[in-house]
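Report on one structure; see the data block that follows.
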Amino acid sequence: MSQPEVLQQSFELGFTYTRSVGPVVGRFLTELRNRNIVGIKASDGRVVVPPMEYDPDTAEELSEFVEVGQEGEIVSFAWVKEPREAHPMDRPFAWAMIRLDGADVPMIHCVAANAESDVATGARVKAVWADETIGFITDIRCFELA
Amino acid sequence: MANLAAVVGIGQTKYTTKRDDVSIAGLVREAAVNALQDAGLTWDDIEAVIIGKAPDMFEGVIMPEIYLTDALGCNGKPMLRVHTAGSVGGSTALVAASHVQSGSFKRVLTVAFEKQSESNAMWALSNPHPFSTHLNAGAGGYFAPIIREYMRRSEAPHDVGIKVAVKDRLHGARNPLAHLQKPDITMQEVEESFMLWDPIRFLESCPSSDGACAMVIANEELAEQAPKPPAWIRGVAMRSEPTMYAGREEVSPQAGRDCAADVYQQAGITDPRRDLDCAEVYVPFSWYEPMWLENLGFAPEGEGWKLTMEGATSLDEGGDIPWNPSGGVLSSNPIGASGMIRFAEAARQVRGDAGAHQVEGAKLALGHAYGGGAQFFSMWVVGAEKP
Amino acid sequence: MTDIAIVAYQQTDAVSDAGAVNEVELIIPVLGRVFEQAGLTNSQDVDFVCSGSCDYLQGAAFAFVLGVDALGAVPPIKESHVEMDAAWALYESILKIRMGHAESALVYGFGKSSPGELPIVLSQQLDPYYLAPQWIDAISLAALQARQMLDQGLVSERDMAEVVARSRNNALNNPHAQLAGEVSVDDVLAEDTYVSPLRKADCCPVSDGASAMIIATVEKAEEWGKPYAVISGIDHRIETHNLGMRDLTDSLSTRQAAEGAGMGQGRVDVAELYAPFSHQEIILTRALGLGEETSINPSGGVLAGNMMMASGLSRVGEVFDRIVSGEAERGIAHATSGPCLQHNLVTVLEKA
Amino acid sequence: MSEEQDVITGIEAPVYLKYNFTAGAAAARFLHQIKKGVLTGQRCPSCQQVYIPPRGSCAACGCPTEEEVEVADKATIQSFTIVTIPIPNNPIQPPYIIANLVADGANISFLHLISECVNEDVHIGQRVQALWKPEEEWDYAMDNIRYFRPIDEPDVPVEMIGKLPVTGWEGSADD
């Protein structure tokens, strides 16, 4: 019994999911559409952005929204030299943990920069809005150095 | 010998086509909070969480326990995710029970869910794959030929499935959580409904629902202290067999018969129709009631349909062995949760807490789930009395 | 609590692309070998079977259903499945034995990650509203964690390269390893960065493969008369899904699991840690308080080959092999799930 | 400000992932054969049952299967359903019949379409044969068979379905 040649075929597993978001995520996305960023106060008083629905320590529902700034500081970053097809940018960029002004907990988003050497932990960045905001996380198109 | 364990809290969501007011976390959370409230407990009282759902493709969230950690108060606790196809809700309850029955945990929370409105189950189940013929027309397409073979063998009248469809919807009308509320449904309405997968009509099929179900399971000591009556777990069993093999009995799978025999033996049941007071059995297509009546030993082979037609399984007709008093899968089907709903509804019955669909004086009940190509089975028997 | 004996362990080679092999074809040879090692024929000879796999790795729903075809499940068997690494299937199986419903169990895990783009596939494990829609790949998340370690002076790039070099060299003695070789720290450091600050060598490869294990009560293991090791403890803990709220430079849940499993009650001769990135091995080593007396990842660990959904079970298997061969008397195996070590399981194994 | 607009309650989240599927060894052999217009199964070395399409193992025995066996393109209807809803991503228009068919020489059924028939007359035990696409369209796919259609042979008794030799069905003495 011979081994036949290998048969390969590419396929796409895809669906556009229709997600209901609930009041907390919904509030954040609604504010994004209006080009505002809100966080939520956790049980220990820390401001979390984007807002979590439930507190990690007490498991209680969170509800106290806090508007935060659109600028912040890079807490950590990863420099992507070769963006993948799914990535939001087609030229080198950074993923970063960004602590926005008025927030305590960093959020993760992408940072546009010309070179890795331009990005640093502690660097200030500001949100760049998409041309059209629709209430989706990518309404913040990216951050760029402030 | 397994340690004793009992259900001390049950929580469900209202089942509906689309819960458009909550996130996935919010849906799961709601059932969990309801279960904690029912048990008179808080998050701190829970030692571990066991979560189940059907394929991740239904919501497009891979291994969702990772994202649901906080919604279920799991930070710092063990969290386990079970997936055994359509039987998963039942299997998840059994894995949760094993946490307590093994003596490893005193009290755990288990949750199963599906937010089917996020996608389309037909799509997820019949997603084209290279080199395959792609003739898979969803679950109904798979089960219709098996039902046809049952009809041929049993020579059952054509309206048995119609009768089950009506009976379960009338049961569902007693259950405010049930998705379909059809108190005025008639045999004629079912018969005239669209034939989807001949011989399965639209109204002989389950709906597609969003929903979650949760239970708190505790050890003997804590169950005895529980504020509401516990449902004692009297037997647990699982069986699996391959989807296809030469000579496989698809109408009445061996795995189902073996699983039932195992769980009955543990619970001391010798005649299920006589010994059990009611059963919550996974019947997603109406004809599966007579088929499972035989498979589970409530009726001899070929005669399950007679029980259905006599009204033995109907609350409204005062039957001696009501099946699916909650309305069953035919009234609500959040796939990943459907098995756990059967297990939880069986527990509600023996706790005397089933409201308008309570089977009077129910002391011993069967919860049943199946999945895959009717190849994965999970069952438990719960009782009002401690074994 | 009932002690559990591990009686047999087998795995496939970790390969970058298993090619023309479906799930069943991947599993069958491993199951055949693990049954042979235990002196058994097929799953009819054990009381329970539990597996771990993930549909999205190869993009087909119900991948595990086909796995049942490899078991000889006629007549039907007691069987269950976790959509997790098979280390958690081991956990479930142990509960089953401890509740008295089984005396023995087959545990297996399998994954074919090569058909998809694994780091991107794993991005869909994240929060479905904030993170998954951004398609943040698993390597970039680990890089964010590594940068925090570097920035805080908790590791140096040389420390990370030392982990890689040791992995490659250790893997020379592991016939199943995908990446092995006489690699020096300077060789690693000479490599350019990949997703900075990580080099490609800091990241585990994508592997296809499967592993399987047979466990039993100690009484049953004695009856079978095969050499065995004892699982004296097992525990697992998960942490918040918000990466920004975790101290990514530590692994609190690993420490909690180790405490729960009773790791501190004796010397640890060998530790197999599921660290898909070099800096994570350092985080885990510190979280567990492992010192000089412990041989860490003698197999090369998952940097030498990461069979998703089987690697966690493989860590247990590697420690088992060393205990029954007499190389070690007591060891721990660690498994992880989720981004940046979110969910961790620790098993303590001892000489019988 | 935000109060003036509707609050967002839902989003659309496209999740599209690309995979490169490789057929398993058993499937690859089957597909190479069907490209030549031949249906090939595999026989279990233990229970002797013939599986088609083969998956590389006998699901009942859990052992690998290697021996290749050619089966006929004539088959018997084991059961079927008439589907009246469309299959997502599939051009076939309802109503159509999908049947579990057991090819002569095989012991297990596969799914395929039944056509050139009166839907109401299709029945369990009915004999059918493959209608192949033109040879120049043959590919590595079961779709090389466009559908199966009834043939003029006596019905197979239910207890005989799945037990016919590759040489086919002569019809029993009492037919």
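Within every chain, numbering begins at 1; the chains are lettered A, B, ... in the order of the sequence lines, protein sequences first and strands thereafter.
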Quiz item: Which region of A/V25, side chain (C-beta onward) or backbone (N, CA, C, O), has a non-hydrogen atom less than 4.5 Å from a non-hydrogen atom of chain B, or is it both or neither?
Solution: neither

Quiz item: Around atom CZ of A/F136, are there more than 12 heavy atoms of other residues, nucleotides or ligands at under 6.0 Å?
Solution: yes

Self-check item: Heavy-atom contact with chain B under 4.5 Å, split by part of A/E61
Solution: both

Quiz item: For the residue pair A/E60 and B/W43, what are the closest heavy atoms and their distance?
Solution: OE2-CD1, 4.1 Å

Quiz item: Taking every heavy-atom pair that is under 4.5 Å apart, which of A/V24, A/L7, A/T16 has the most such pairs with chain B?
Solution: A/L7

Quiz prompt | Closest heavy-atom pair and its distance - B/G73, A/A59 | solution = CA-CB, 3.6 Å

Quiz item: Most heavy-atom pairs under 4.5 angstrom with chain B, which of A/V21, A/D57, A/T58?
Solution: A/V21

Quiz prompt | Which atom of A/Y17 lies closest to which atom of B/S119, heavy atoms considered | solution = CE2-CB, 3.4 Å

Quiz item: Given that the side chain runs from C-beta out, which part of B/R29 has a heavy atom under 4.5 Å from chain A: side chain, backbone, both or neither?
Solution: side chain

Practice problem: Go through the side-chain N and O atoms of A/E53 and B/S23 and say whether any donor and acceptor fall under 3.5 Å apart. | Solution: yes

Quiz item: Looking at CG of B/L27 and OG of A/S20, how far apart are the two atoms once the value is rounded to the nearest 0.5 Å?
Solution: 8.0 Å

Practice problem: Search all heavy atoms of B/A25 against all heavy atoms of A/Y54 and return the closest pair with its distance. | Solution: CB-CE1, 4.0 Å

Quiz item: Do other residues, nucleotides or ligands put more than 12 heavy atoms under 6.0 Å from the NZ atom of B/K106?
Solution: no

Exercise. Name the member of B/N75, B/V22, B/T42, B/D21 that forms the most heavy-atom pairs with chain A at distances under 4.5 Å.
Key: B/V22

Quiz item: Does a side-chain heavy-atom distance below 4.5 Å link A/R19 with B/D20?
Solution: no

Quiz prompt | Side chains of B/E118 and A/F15 in contact at under 4.5 Å (non-hydrogen atoms) | solution = no

Quiz item: Minimum heavy-atom separation for A/T18 to B/K18, with atom names?
Solution: O-NZ, 3.5 Å

